[in-house]
**Student:** 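First the structure, which I've put down as structure tokens, then a few questions once you've had a look.
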Amino acid sequence: MSQSLELKPELSKLYLKLLAEATIALNANKGSLRKDIWDFLNKKYQEKIDYRDFLLAIRKFQQEGKIINIEGVFNI
């Protein structure tokens, strides 16, 4: 049984909003580390988010050009 490695469409909008919220809240001028973004979201939305979906969202948004990753630092 194989699992799909794609973010469910209904989660796409949610994770884009959450990633934007985290990068704004962390207020790093040059962007934020993935670990810091996850820590922020996990503390605030622990029951609502999943690390696998978080990683899939980052990958999807990078491919779409909505998130930029420069040497491990992410910007929206």
Side-chain angles (χ1 to χ4, degrees):
M1 185 186 291
S2 66
Q3 291 184 356
S4 173
L5 290 178
E6 297 214 7
L7 186 64
K8 295 177 184 173
E10 63 271 12
L11 294 176
S12 185
K13 197 179 229 182
L14 169 68
Y15 275 92
L16 184 57
K17 178 182 174 255
L18 293 176
L19 290 168
E21 176 186 342
T23 55
I24 290 168
L26 293 171
N27 199 23
N29 289 335
K30 294 182 180 181
S32 303
L33 296 172
R34 185 179 73 198
K35 176 188 175 300
D36 295 338
I37 295 170
W38 172 251
D39 287 344
F40 173 85
L41 292 176
N42 194 36
K43 286 177 187 171
K44 190 166 182 180
Y45 301 103
Q46 187 173 19
E47 300 298 319
K48 297 180 182 178
I49 60 173
D50 178 74
Y51 190 66
R52 178 186 161 278
D53 290 338
F54 168 75
L55 294 176
L56 290 173
I58 286 179
R59 184 176 69 184
K60 173 184 166 90
F61 298 139
Q62 278 184 277
Q63 290 171 349
E64 293 175 356
K66 294 178 181 175
I67 289 180
I68 300 168
N69 176 6
I70 301 174
E71 296 179 13
V73 177
F74 293 87
N75 271 319
I76 289 192

**Student:** Could you measure the distance from the CG atom of Asn42 to the CD atom of Glu47? Nearest 0.5 Å is fine.
**Tutor:** 9.5 Å

**Student:** A side-chain contact here means heavy atoms from C-beta on lying under 4.5 Å apart; do Tyr51 and Leu41 qualify?
**Tutor:** no

**Student:** Indicate the atoms forming the closest heavy-atom contact of Gln62 with Asn69, along with that distance.
**Tutor:** NE2-CB, 3.1 Å

**Student:** Going from CG on Leu19 to NZ on Lys66, what distance comes out if it is rounded to the nearest 0.5 angstrom?
**Tutor:** 11.0 Å

**Student:** Under 4.5 Å between side-chain heavy atoms, hopping through other hydrophobics if needed: is there a path connecting Tyr45 to Ile76?
**Tutor:** yes

**Student:** One pair to check against salt bridge (charged side-chain N to carboxylate O under 4.0 Å, His left out): Asp39 and Lys43. What are the steps and the verdict?
**Tutor:** CA-CA 6 Å; Asp39 287 344; Lys43 286 177 187 171; 5.9 Å; no

**Student:** Could you give the distance from CD1 (Ile67) to NZ (Lys60), rounded to the nearest 0.5 Å?
**Tutor:** 11.0 Å

**Student:** Quick one: ring pair (Phe, Tyr, Trp, His ring centres under 6.0 Å) pairs with a partner in residues 55-76, sequence neighbours left out?
**Tutor:** none

**Student:** Do the rings of Trp38 and Phe54 sit parallel, tilted or perpendicular, given the 30° and 60° boundaries?
**Tutor:** tilted

**Student:** For the residue pair Ile37 and Thr23, establish whether any side-chain heavy-atom pair is separated by less than 4.5 Å.
**Tutor:** yes

**Student:** Pick from Leu55, Ile58, Asp53: which one makes a side chain to side chain contact (heavy atoms under 4.5 Å, CB included) with Leu7?
**Tutor:** Asp53

**Student:** Can you sort out the partners of Lys8 under salt bridge (Lys or Arg N to Asp or Glu O under 4.0 Å), two or more places apart, ordered by chain and number?
**Tutor:** none

**Student:** Hey, could you give me the CG/CG distance between Leu11 and Leu16, rounded to the nearest 0.5 Å?
**Tutor:** 12.5 Å

**Student:** Within this structure, what is the CZ-CG distance for the pair Arg52 and Asp50, rounded to the nearest 0.5 Å?
**Tutor:** 7.0 Å

**Student:** When you group the ILVMFWY residues by side-chain heavy-atom contacts below 4.5 Å and let the links chain together, are Leu26 and Val73 in the same group?
**Tutor:** no

